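Have a look at the structure below, then the notes.
Note: hydrogens, waters and symmetry copies are ignored here, and every other heavy atom, side chains too, is used. What you see is a predicted model, and the numbers here were worked out from it, not measured in a lab.
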Amino acid sequence: MGKVNDFLTEAGVFFLATTDGDQPKVRPLGAHMEMDGKVIFGVGDFKEVYRQLCKNPLTEIVACKPDGHWLRYTGRAVFETDPKYAAEALAAAPHLKSIYNDETGHKLMMFHLEDATAVDIAMMGEGENLL
């Protein structure tokens, strides 16, 4: 998982794909962390992306680095039940506490990918499996 996490960190912004019925939806994200041997992501419980992942957890993340390499990280989103993941994410990004708190009622829902593949692909070359 370290290679996937490092790739996402170097890329900065990455894109998460979901479906809304038969319509693909893609949005940029940037927050992630490695914890307990998993790369963890977070989305708001009040957002469409959360509802889409609950309805169809099959997803793909794509990131590009300045050197032309890109990552295709594909799997099934599994939401974490242990609140330690959200607590760690909020500690790392304190500005999110104004969105995710008891007053707003919004929760940061953390997930990782299972049954996943991760491939680092050179722009004009072969892919390298990272898992």
Side-chain angles (χ1 to χ4, degrees):
M1 280 300 138
K3 289 181 180 181
V4 172
N5 190 65
D6 291 348
F7 195 109
L8 293 170
T9 298
E10 189 174 337
V13 174
F14 51 91
F15 297 87
L16 174 73
T18 61
T19 57
D20 186 8
D22 61 358
Q23 178 63 50
K25 298 287 184 172
V26 179
R27 79 271 299 143
L29 298 175
H32 64 92
M33 63 184 182
E34 187 176 5
M35 196 170 166
D36 297 335
K38 302 179 270 193
V39 178
I40 309 289
F41 306 93
V43 294
D45 67 344
F46 61 98
K47 294 186 174 188
E48 288 293 323
V49 62
Y50 174 68
R51 289 187 285 280
Q52 291 161 2
L53 287 170
C54 287
K55 189 170 185 176
N56 180 358
L58 298 178
T59 190
E60 188 163 272
I61 292 170
V62 172
C64 300
K65 295 193 305 188
D67 68 2
H69 280 248
W70 60 285
L71 171 72
R72 181 186 302 274
Y73 185 32
T74 305
R76 180 174 47 87
V78 174
F79 284 92
E80 305 293 348
T81 57
D82 190 326
K84 73 180 182 180
Y85 297 105
E88 182 71 21
L90 292 173
H95 64 282
L96 294 177
K97 291 179 183 178
S98 66
I99 300 170
Y100 302 104
N101 58 59
D102 291 337
E103 187 176 311
T104 66
H106 300 316
K107 297 198 181 326
L108 185 59
M109 306 304 289
M110 308 302 290
F111 69 94
H112 70 279
L113 300 187
E114 286 191 3
D115 305 321
T117 60
V119 182
D120 175 344
I121 304 166
M123 186 176 292
M124 298 300 293
E126 295 293 319
E128 173 192 349
N129 288 320
L130 298 183
L131 299 179

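- When all heavy atoms of P28 and V13 are compared, the pair lying nearest together is CB-CG1, 3.8 Å.
- Judged as a side-chain contact (heavy atoms from CB on, under 4.5 Å), and not counting sequence neighbours, the contacts of N56 are T19, L58.
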Give the intermediate values and the outcome of side-chain contact (heavy atoms from CB on, under 4.5 Å) for residues L16 and V49. CA-CA 9 Å; L16 174 73; V49 62; 3.7 Å; yes

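- Legend: residues meeting side-chain contact (heavy atoms from CB on, under 4.5 Å) with A118, ordered by chain and number and at least two apart, are V4, L71, Y73, L130, L131.
- Within the structure, every pair that satisfies the salt bridge (Lys or Arg N to Asp or Glu O under 4.0 Å) test and touches residues 38-51, not counting sequence neighbours, is listed here: K38-E80, E48-R51.
- With sequence neighbours left out, the side chain to side chain donor-acceptor pair (under 3.5 Å) criterion links T74 to E60.
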_Working note: Y100 + L90, criterion side-chain contact (heavy atoms from CB on, under 4.5 Å); need CA distance, chi angles, decisive distance, verdict._
CA-CA 8 Å; Y100 302 104; L90 292 173; 4.3 Å; yes

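- With sequence neighbours left out, F14 forms a ring pair (Phe, Tyr, Trp, His ring centres under 6.0 Å) with H32, F41.
- The hydrophobic cluster containing L8 also contains V43, counting ILVMFWY residues as joined when their side-chain heavy atoms lie under 4.5 angstrom apart, directly or transitively.
- Side-chain contact between T59 and L53: present, with at least one pair of heavy atoms (C-beta onward) separated by less than 4.5 Å.
- Looking at residues two or more places apart in sequence or on another chain, you find no side chain to side chain donor-acceptor pair (under 3.5 Å) involving E34.
- Listed by chain and number, the residues in a ring pair (Phe, Tyr, Trp, His ring centres under 6.0 Å) with Y50 are F79 (sequence neighbours excluded).
- With sequence neighbours excluded, the residues that form a side chain to side chain donor-acceptor pair (under 3.5 Å) with K84 are D36.
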*Could you go step by step and tell me if M1 and H112 meet the side-chain contact (heavy atoms from CB on, under 4.5 Å) rule?*
CA-CA 11 Å; M1 280 300 138; H112 70 279; over 6 Å; no

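- Summarising the geometry, atom CG belonging to D120 is positioned 5.0 Å from atom CZ belonging to F7; distances are rounded to the nearest 0.5 Å.
- Here the closest heavy-atom approach between residue C64 and residue W70 is recorded as SG-CB, 3.9 Å.
- Partners of A93 according to the side-chain contact (heavy atoms from CB on, under 4.5 Å) rule, which considers only residues two or more places apart in sequence or in another chain, are H95, L96.
- Smallest separation of non-hydrogen atoms from A91 and P94: O-CD, 3.7 Å.
- The nearest pair of heavy atoms linking T18 to Q52 is OG1-OE1, 2.5 Å.
- E88 is linked by a salt bridge (Lys or Arg N to Asp or Glu O under 4.0 Å) to nothing, counting only residues two or more places apart in sequence or in another chain.
- Applying the side-chain contact (heavy atoms from CB on, under 4.5 Å) test to D67 and every residue at least two apart in sequence or in another chain returns K65, H69.
- Applying the salt bridge (Lys or Arg N to Asp or Glu O under 4.0 Å) test to D115 and every residue at least two apart in sequence or in another chain returns R76.
- A donor-acceptor contact shorter than 3.5 Å links the side chain of N101 to the backbone of T104.
- Listed here is the closest heavy atom pair of G42 and M110: CA-SD, 3.7 Å.
- Annotation for L113 and F111: closest pair CD2-CE1, 4.2 Å, computed over non-hydrogen atoms.
- With a 4.5 Å cut-off on side-chain heavy atoms, M33 and Y85 count as touching.
- Residues L29 and I40 do not share a hydrophobic cluster, defined by chaining ILVMFWY side chains whose heavy atoms lie under 4.5 Å apart.
- Judged by distance alone, the side chains of R72 and T117 never bring a donor and an acceptor atom under 3.5 Å apart.
- Around atom CG of D102, no more than 12 heavy atoms belonging to other residues, nucleotides or ligands sit under 6.0 Å away.
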